[in-house]
J.: 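Let me give you the structure first, and then I'll get to my questions.
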Amino acid sequence: MSTYNQLIHQYKRIFVEKGLSPELVKAFLFELCNDHKVNLYLNIDQEVDEDIMVEFSKGVVRLMNNEPMNYVLGYSYFYGYRMIVNRDVLIPRPETEELVGLILSQYDAFFAGKRINVCDVGTGSGAIAIALKKEEEKLRVYASDISEKALETARENARINECDITFLPGSMLEPYIEKGIKVSILVSNPPYIKATEQIESSVYDFEPHVALFGGDDGLKFYKEIFTHASEILEDNALAFFEMGYDQKDALTKLAHSYFPDAEVSVFKDINGKDRMLMIRF
Ligand code: GLN
C-alpha cells in the first residue's frame, strides 16, 4: 500500500507522460477524501484508506480517458449547493452562477419580497432553478427540459437540496403554454454553441450535445423562446439568458427586433466576457 503522497506522485508522473494536467490527480483525490471525511493534507503521509483507494483506481482511469472530473465524481457544486451530475446533464458552469447572482439582484430591485412565478427553460441538472429557490424562498419556481433523463436528475437534485420546484417535461416554452403558466421572470441557459464551432474534446466527447448546440448560428433556441415569450410572460416581466461570449451583437439585435419596446442589456462575466442578456419588458 502507498501513502496519499506517494499515490499523488505516482499518478502525477503518469498524467504528465500522457499529456494530461497533473493537477487533476490531487484535485480528484482531495474530493474523494472530503467525501470520506478524510483531510488529505493532515493525512498526506498516512496509508491510503481502502475505500478511497478503490474509488481512486476506478475513477482515475476515467480521468485519463479525458472524462470531466465532475462526471467521474458524480457531483458538482453550484452556488454552494451540491448537484448530482451525469452524462444526461451539462456540468454547471461558474458563469451560470453569475447569472443566478444577476437574477437575484434584479429580483430585489424590481420585485422585492413579492411572490412571483419564475421558470427555468432547459433546466438540465436543475442547478439554476434550485439555486434560485434556495436563495429566495418566495419564488414559485417551474423548471422544464426536453430530456426526461435530465429531468430525473433535476428532480433528484431538488430532493437532496430539499426544495420545492415544479418540473415539466417539454421543449422550450411548450409546457408552460400548454398548462397556461405565466411567469414574471423567465430564465434560460439554452444550448448556444454554433454547430460548426470547435470545442474542447472533453466537452464534446462527454457532455450532452442536446444541451450544447444551438444550430448554425447558435441562436436557434433564443429565437424559439423570443417567438413565444409573450404567451407566458406577465406584465413588467424580466427575462435572463446566458449567452456565448461572441453573441452580444447578434443577440441584442435579435432581442430588439422581437421586442422593440423592451430594454435590452448585456452583462459581462468575471472574466470580462459578454455572458448574460437581460430583457426588461
Ligand atoms: N458554457 C457552455 C460551454 O462553454 C455552453 C453552455 C450552453 O450552450 N448553454 O461549454
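Ligands are counted one by one from 1 in listed order, and the atoms in each one are counted from 1 as well.
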J.: Heavy atoms under 4.0 Å from ligand 1: which residues qualify?
T.: L90, R93, N189, P190, P191, Y192, I193, A211, L212, E242
J.: Give a yes or no on whether Y204 atom OH has more than 12 heavy-atom contacts from other residues, nucleotides or ligands under 6.0 Å away.
T.: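 Atom OH in Y204 is not crowded, with 12 or fewer foreign heavy atoms closer than 6.0 Å.
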J.: Do you see a donor-acceptor pair shorter than 3.5 Å between the side chains of D120 and T123?
T.: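 Side-chain D/A pair, D120 to T123: present.
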J.: Could you tabulate the donor-acceptor pairs under 3.5 Å formed by side-chain atoms of residues 274-281, not counting sequence neighbours?
T.:
| unit_1 | atom_1 | unit_2 | atom_2 | d |
| --- | --- | --- | --- | --- |
| D274 | OD1 | K268 | NZ | 3.2 |
| R275 | NE | D269 | OD2 | 3.1 |
| R275 | NH1 | Y192 | OH | 3.3 |
| R275 | NH1 | M243 | O | 3.1 |
| R280 | NH1 | E263 | OE1 | 3.4 |

J.: Please report, to 0.1 Å, the donor-acceptor pairs under 3.5 Å made by any side chain of residues 160-168, with sequence neighbours excluded.
T.:
| unit_1 | atom_1 | unit_2 | atom_2 | d |
| --- | --- | --- | --- | --- |
| N161 | ND2 | R82 | O | 3.0 |
| N161 | ND2 | N157 | O | 2.9 |
| T166 | OG1 | R140 | NH1 | 3.0 |

J.: List for me each residue that meets ring-ring contact (aromatic ring centres under 6.0 Å, His included) alongside F213, sequence neighbours excluded, and say none if there are none.
T.: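 For F213 the ring-ring contact (aromatic ring centres under 6.0 Å, His included) partners, ignoring immediate neighbours, are H209.
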J.: Is the side chain of N70 donor-acceptor paired with the backbone N or O of Y75 at a distance under 3.5 Å, no angle test?
T.: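 Looks like yes, one N/O pair under 3.5 Å.
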